[in-house]
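A short write-up of the structure that comes next.
Just so it is clear, the values below take in all heavy atoms, side chains as well, and ignore hydrogens, waters and symmetry mates. In what follows, chains carry the letters A, B, and so on, assigned in the order in which the sequence lines appear, proteins first and then strands, with residues in each chain numbered from 1.
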2 protein chains.
Amino acid sequence: MDTKITNFIQSIYMLPNDILEDVLGHFKYLEFPKNHLLLQQGKTCKHLWVMTKGAVKYFYTNEEGKEMNTWFSLDTQVIADTTSFVSQEPSEENIQLLEDSEMYSIEYSALQSLLQKHHSFALWYIKLIEQHYVAQIEDRIADLQFLNAKQRYQKLLNLYPEITNRISLGNISSYLNITQETLSRIRAGKF
Amino acid sequence: MDTKITNFIQSIYMLPNDILEDVLGHFKYLEFPKNHLLLQQGKTCKHLWVMTKGAVKYFYTNEEGKEMNTWFSLDTQVIADTTSFVSQEPSEENIQLLEDSEMYSIEYSALQSLLQKHHSFALWYIKLIEQHYVAQIEDRIADLQFLNAKQRYQKLLNLYPEITNRISLGNISSYLNITQETLSRIRAGKF
DNA sequence: AACCTTTTTTGATGTATATCAAAAAATAAG
DNA sequence: CTTATTTTTTGATATACATCAAAAAAGGTT
């Protein structure tokens, strides 16, 4: 079976071979084109995706119809609206591809039965949540609370040095919680 | 054994009786006075606490020596610096009691061996993380990103109507990411 | 290459919230 | 009850960033 997803799984927490086989059997390989909407605001997030190549943004549309980005993921990352996925209630945000992307998806119900079936898979999932949600998300809170616009931009550049070649300023500024004009001025060294 | 911690554990995810007994045996009951420092910046968070009564703040001290609150927990809540606890690396923040509090603590190493030992406890821990970290934390990001100072204050009041009787304005304003003066003006209806 | 569309930059002005200073009110201590 | 200490409020001014409008630059398409 495909090595990319196998490597990803085993990098989180090593599973015995027979259990790995069972888990892999529930992941489906998919390719999606740029702009494809993985999840729509108001729909329940029924899948967890492992992206092995590509880029996505998370955003929601506010009262005035303006798109506000809440998150980016580039290259190998877990993709899901965590709140909707764990509660199986409607999502408040959209997830959309910014590039042609490769994904492996697993359904919520399949994940649940694997968790019940295999103790080691439950331990795997604990590691996944710890690494992919908790750490990243707490960092984002600290950024929003303590860094100014310029510092947030520099930190993003540090994390994804090539981001400006892959994602438009409008999308980046929305994630940084500033206007496109302000980001342009930051880049021009005016602050 | 004590019913408060038992009720808390069983409210997350029901455990079989023999496993519940084993788990309870690893929780230690503790009472701490107001101002006690549960965790200090730079030290590794080696415990997870279940607070059954009391109030705590999470904060870090910035370059200028100013305390910046990142989180409050009142009454029944899980307390830990998640990032430090899951990685077992030094914490970047402090956790301090704002009232005399009752806690049940479990050590990191005891938790890890219970996770390895009992499949159902691993399922319990997954629910704990999902409910107590992910949902709350994602909500906080949305607040910081999309609400103004007044809206953040009103939302906090909504969540903890009695908070102004228990926690000082200075502590609340720091959590809301505004100055004490601004919070005072918001309360006076000046915005 | 010339045209159209999208993205990025620049300029002028406005607003939410910070900062600094000090007064008033509440709480604690003698 | 009185004094000392901490917390909260008020006022004047400053600043980071938003908004609105328009020009410039970059990409795509025929």
Side-chain angles (χ1 to χ4, degrees), chain A residues 33-35 55 57 59-70 72 96-100 141-157 160 162-191, chain B residues 33-35 55 57 59 61-70 72 96-100 142-157 160 162-191:
Chain A
K34 180 172 175 170
N35 295 325
K57 67 171 175 182
F59 67 99
Y60 92 104
T61 309
N62 71 8
E63 315 80 47
E64 295 120 44
K66 196 172 159 197
E67 290 188 4
M68 314 285 279
N69 294 163
T70 57
F72 289 122
Q96 186 175 28
L97 303 206
L98 294 170
E99 298 176 352
D100 296 348
I141 291 178
D143 289 357
L144 284 168
Q145 195 166 7
F146 302 122
L147 304 183
N148 65 25
K150 186 176 178 183
Q151 293 169 320
R152 292 203 295 281
Y153 177 62
Q154 287 172 331
K155 196 165 166 189
L156 184 68
L157 269 190
Y160 295 125
E162 81 305 7
I163 198 167
T164 51
N165 305 325
R166 296 173 67 179
I167 296 182
S168 72
L169 271 202
N171 272 321
I172 294 172
S173 63
S174 169
Y175 169 77
L176 293 174
N177 211 19
I178 55 178
T179 60
Q180 193 164 316
E181 294 93 324
T182 296
L183 179 54
S184 175
R185 285 184 248 260
I186 286 170
R187 279 153 52 96
K190 289 180 185 162
F191 287 128
Chain B
K34 180 172 176 170
N35 295 324
K57 69 172 176 181
F59 68 99
T61 309
N62 70 10
E63 314 80 48
E64 295 120 44
K66 196 173 159 196
E67 290 187 4
M68 314 285 280
N69 291 163
T70 57
F72 288 124
Q96 186 175 28
L97 303 205
L98 294 169
E99 299 176 352
D100 295 348
D143 290 357
L144 284 169
Q145 194 165 8
F146 302 124
L147 303 183
N148 64 24
K150 186 179 179 181
Q151 293 169 322
R152 292 202 296 280
Y153 177 61
Q154 287 172 331
K155 197 167 167 190
L156 184 68
L157 270 189
Y160 295 125
E162 80 304 7
I163 198 167
T164 50
N165 305 325
R166 296 174 67 179
I167 295 182
S168 72
L169 272 202
N171 271 322
I172 293 173
S173 63
S174 168
Y175 169 77
L176 294 173
N177 211 20
I178 56 180
T179 60
Q180 193 164 316
E181 293 94 323
T182 297
L183 179 54
S184 175
R185 287 184 248 261
I186 286 170
R187 278 152 55 97
K190 289 179 184 161
F191 289 130

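- For the side chain to side chain contact (heavy atoms under 4.5 Å, CB included) test, residues two or more places apart in sequence or in another chain that qualify with A:Gln151 are A:Leu147, A:Asn148.
- Applying the side chain to side chain donor-acceptor pair (under 3.5 Å) criterion to B:Lys57, with sequence neighbours excluded, gives B:Glu67, B:Asn171.
- In this structure the side chain of A:Ile186 reaches within 4.5 angstrom of the side chain of A:Ile178, judged on heavy atoms.
- Contacts between residues 141-153 of chain A and DNA chain C, defined by a heavy-atom separation below 4.0 Å, involve no residue at all.
- Side chain of A:Asn69 to main chain of A:Ser174: no donor-acceptor pair is present (N/O by atom type, distance under 3.5 Å, no hydrogens or angles).
- Residues meeting the ring-ring contact (aromatic ring centres under 6.0 Å, His included) test with A:Tyr153, sequence neighbours left out: none.
- Residues that satisfy the ring-ring contact (aromatic ring centres under 6.0 Å, His included) test with A:Tyr160, not counting sequence neighbours, are absent from this structure.
- Taking a 4.0 Å limit (strictly below) on heavy-atom distances, residues 162-177 of chain B reaches DNA chain D at B:Ser168, B:Leu169, B:Gly170.
- Picking from D:dT7, D:dT10, D:dA18 the nucleotide with the shortest atom distance to the side chain of B:Gln180 gives D:dT7.
- Considering only the side chain of B:Thr179, C:dA18 comes nearest among C:dT10, D:dT8, C:dA18.
- Between the CD1 atom of A:Ile186 and the P atom of C:dT8 there is a distance of 14 Å, given to the nearest Å.
- Shown here are the side chain to side chain donor-acceptor pair (under 3.5 Å) partners of A:Lys34, two or more places apart in sequence or in another chain: there are none.
- Here A:Tyr175 contributes atom OH and A:Leu156 contributes atom CG; the two are 6.0 Å apart, rounded to the nearest 0.5 Å.
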- Check the pair A:Phe72 / A:Leu98 against side chain to side chain contact (heavy atoms under 4.5 Å, CB included), numbers first and verdict last. CA-CA 9 Å; A:Phe72 289 122; A:Leu98 294 170; 3.9 Å; yes

- Task: Encode nucleotides 20-28 of chain D as B, S and - characters from 5' to 3', where the letter depends on protein heavy atoms closer than 4.0 Å: B to the base, S only to sugar-phosphate, - to neither.
- Result: BB-------

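- In this model, the phosphate group of C:dT9 is approached by a side-chain N or O of A:Ser184 to a distance below 4.0 Å at OP1 or OP2.
- Considering only residues two or more places apart in sequence or on other chains, A:Thr182 meets the side chain to side chain donor-acceptor pair (under 3.5 Å) condition with A:Thr179.
- Remark: A:Arg187 is in phosphate contact with C:dT9, judged by side-chain N or O atoms under 4.0 Å from OP1 or OP2.
- Annotation: side chain of B:Thr164 is in contact with side chain of B:Leu157 (closest heavy-atom distance under 4.5 Å).
- With contacts defined as side-chain heavy-atom distances shorter than 4.5 Å, the pair A:Ile141/B:Leu144 qualifies.
- Rounded to the nearest 0.5 Å, atoms NZ (B:Lys155) and CG (B:Leu176) are 11.5 Å apart.
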Check the interface with nucleotides 13-15 of chain C: list each N/O to N/O pair with the protein under 3.5 Å, or write none.
none

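- A rotation axis mapping the C1' atoms of four pairs onto the next four is fitted at both ends of the helix from C:dA1-D:dT30 to C:dG30-D:dC1 over five pairs, and the angle between these axes is 40° to 10 degrees.
- Residues satisfying the side chain to side chain donor-acceptor pair (under 3.5 Å) criterion with A:Glu99, sequence neighbours excluded, are A:Arg166.
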